[in-house]
Protein chains: 2
Amino acid sequence: MKQAKELLGEYGLRKTKCRLDILDLFLSHQQALAHADIEQVLGDRYDRVTIYRTLYSFKEQGLLHSINDISGAVKFALCQEACSQHQHYDNHIHFSCTQCGQTFCLNEVHIPAMTLPAGYSVHNLHFSAEGICKACNARE
Amino acid sequence: MKQAKELLGEYGLRKTKCRLDILDLFLSHQQALAHADIEQVLGDRYDRVTIYRTLYSFKEQGLLHSINDISGAVKFALCQEACSQHQHYDNHIHFSCTQCGQTFCLNEVHIPAMTLPAGYSVHNLHFSAEGICKACNARE
DNA sequence: GCATAAATGCAACAGTATTGCATTTATGAA
DNA sequence: TTCATAAATGCAATACTGTTGCATTTATGC
Ligand SMILES: [Mn+2]
Ligand SMILES: [Mn+2]
Ligand SMILES: [Zn+2]
Ligand SMILES: [Zn+2]
């Protein structure tokens, strides 16, 4: 797995303590993270506004994509493919576990093609599934 | 189209002025409505908290379903099929227009079947599309 | 090391949603 | 129709989420 430091370089982002720590969080977790999740871990070290702005910068540069979670919360996750500030390629499914509340990117499941009624121009598709995740199922 | 009054009766909801007016709004609009939309029309007549609680009651009884709109706003729309307080059957697509900001239920487009990786139990699927709606396309 | 632009921290603010409680209202039974 | 009761409402207070402006600090290239 790539180091936070070199990733920031690749994406044209300055290497600050806050950004390194936030990116490390994402690199060491498989799940999507909300601002509140990050604040819980790093809130005593960095201002909440800075965390917001960091997430926004990361998304802007194609390092993260945002997820409008089924719970209503906005979450963020690492982009898997070669996303850049010009184009995102995150056409995968998001799975939200109703038991543990975590959200995962299912990068291996692609969004199927669809035909909408005439008159509608589609620019983006978002597909999310809700249920019990792997870990919670295994725990029973 | 059914009258608001008889609908409230069918769904076991008391017939109050507020509920009748809010339900009338939904019956006379094809689009999904956010709390703010309703408040804009009825805010001088009913308290905003009452509007929140009305929407929640309607959803609870299976009269409305909520949509986590791509814009981040929570919107509500009439359930089409025989939804009840026990079970919702709203497995259709939601279309959000990036131009006019409106959200529509595309009840005629059903969500295709999908296979998720082993270990995940799926209980609900949510599919949303983003683009230019029929009306906005026609206007050009 | 230095100049500069970018990033940060802090305060203020706006929008959205929730809770508690007193008052009002809809409903079914008398 | 009246009445008792539970449900619905209005209002105030509060919490949560996100944004903006500005002074200060920091990373970066020279
Ligand atoms: Mn994702
Ligand atoms: Mn719908
Ligand atoms: Zn889980
Ligand atoms: Zn439109």
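Proteins get letters first, then strands, A, B, ... in listed order; numbering begins at 1 in each.
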Heavy-atom pair of closest approach, residues Asn68(A) and Ile70(B):
OD1-O, 3.4 Å

Treating Ile, Leu, Val, Met, Phe, Trp and Tyr as nodes and any side-chain heavy-atom pair under 4.5 angstrom as an edge, say whether Leu33(A) and Ile51(A) lie in one connected cluster.
yes

Heavy atom of residues 34-50 of chain A under 4.0 Å from DNA chain D: which residues?
Arg48(A), Val49(A)

Interatomic spacing from CD in Gln31(A) to SG in Cys97(A) - rounded to 0.5 Å
10.5 Å

Could you give the NZ-to-P distance, from Lys5(A) to dA27(D), as a whole number of Å?
11 Å

Length of the line joining Gln61(A):CD and dA7(C):P, which is rounded to integer Å
9 Å

Distance, rounded to the nearest Å, where Phe76(B) contributes CZ and dT16(C) contributes C1'
12 Å

Reckon Thr54(A) has a side-chain N or O less than 4.0 Å from the OP1 or OP2 of dA7(C)?
no

Between atom NZ in Lys17(B) and atom C1' in dT25(C), what is the gap in whole Å?
9 Å

Donor-acceptor pair under 3.5 Å: do we get one between Arg53(A)'s side chain and the base of dG18(D)?
no

Within this structure, what is the CG-to-P distance between Leu20(B) and dT25(C), rounded to whole angstrom?
15 Å

Closest non-hydrogen atom pair between Leu25(A) and Val41(A), with its separation
CD1-CB, 4.2 Å

So does Ser57(A) get a side-chain nitrogen or oxygen closer than 4.0 Å to the phosphate oxygens (OP1/OP2) of dA7(C)?
no

From CZ (Phe58(A)) to CG (Leu8(A)), nearest 0.5 Å:
5.0 Å

When you check the side-chain N and O atoms of Asp21(A) and Tyr46(A), is any donor under 3.5 Å from an acceptor?
yes

Fit a plane to each ring of His35(A) and Tyr52(A), take the angle between them on a 0 to 90° scale, and name the class: parallel (under 30°), tilted (30 to 60°) or perpendicular (over 60°).
parallel

Side-chain atoms of Arg19(A) come closest, of dT9(D), dT8(C), dT27(C), to dT8(C)

Between dT16(C) (P) and Ile51(B) (CD1): distance, integer Å:
13 Å

Checking dA5(C), dT17(D), dT27(C) against the side chain of Arg14(B) (C-beta onward), the nearest is dT27(C)

At 10 degrees resolution, what angle do the end axes of the helix from dG1(C)-dC30(D) to dA30(C)-dT1(D) form when each is taken over five base pairs?
40°

Whole-Å distance between dG10(D) P and Tyr52(B) OH?
15 Å

In whole Å, I'd like the distance from the NZ atom of Lys75(B) to the P atom of dA17(C).
12 Å

Crowded around Gln40(A) CD? As in, over 12 foreign heavy atoms under 6.0 Å?
no

List the steps and the verdict of ring pair (Phe, Tyr, Trp, His ring centres under 6.0 Å) for His92(A) and His65(A).
CA-CA 11 Å; His92(A) 54 266; His65(A) 62 284; 5.0 Å; yes

Check every strand shown and say whether Lys15(B) touches a base, only sugar-phosphate, or nothing at a heavy-atom separation below 4.0 Å.
sugar-phosphate

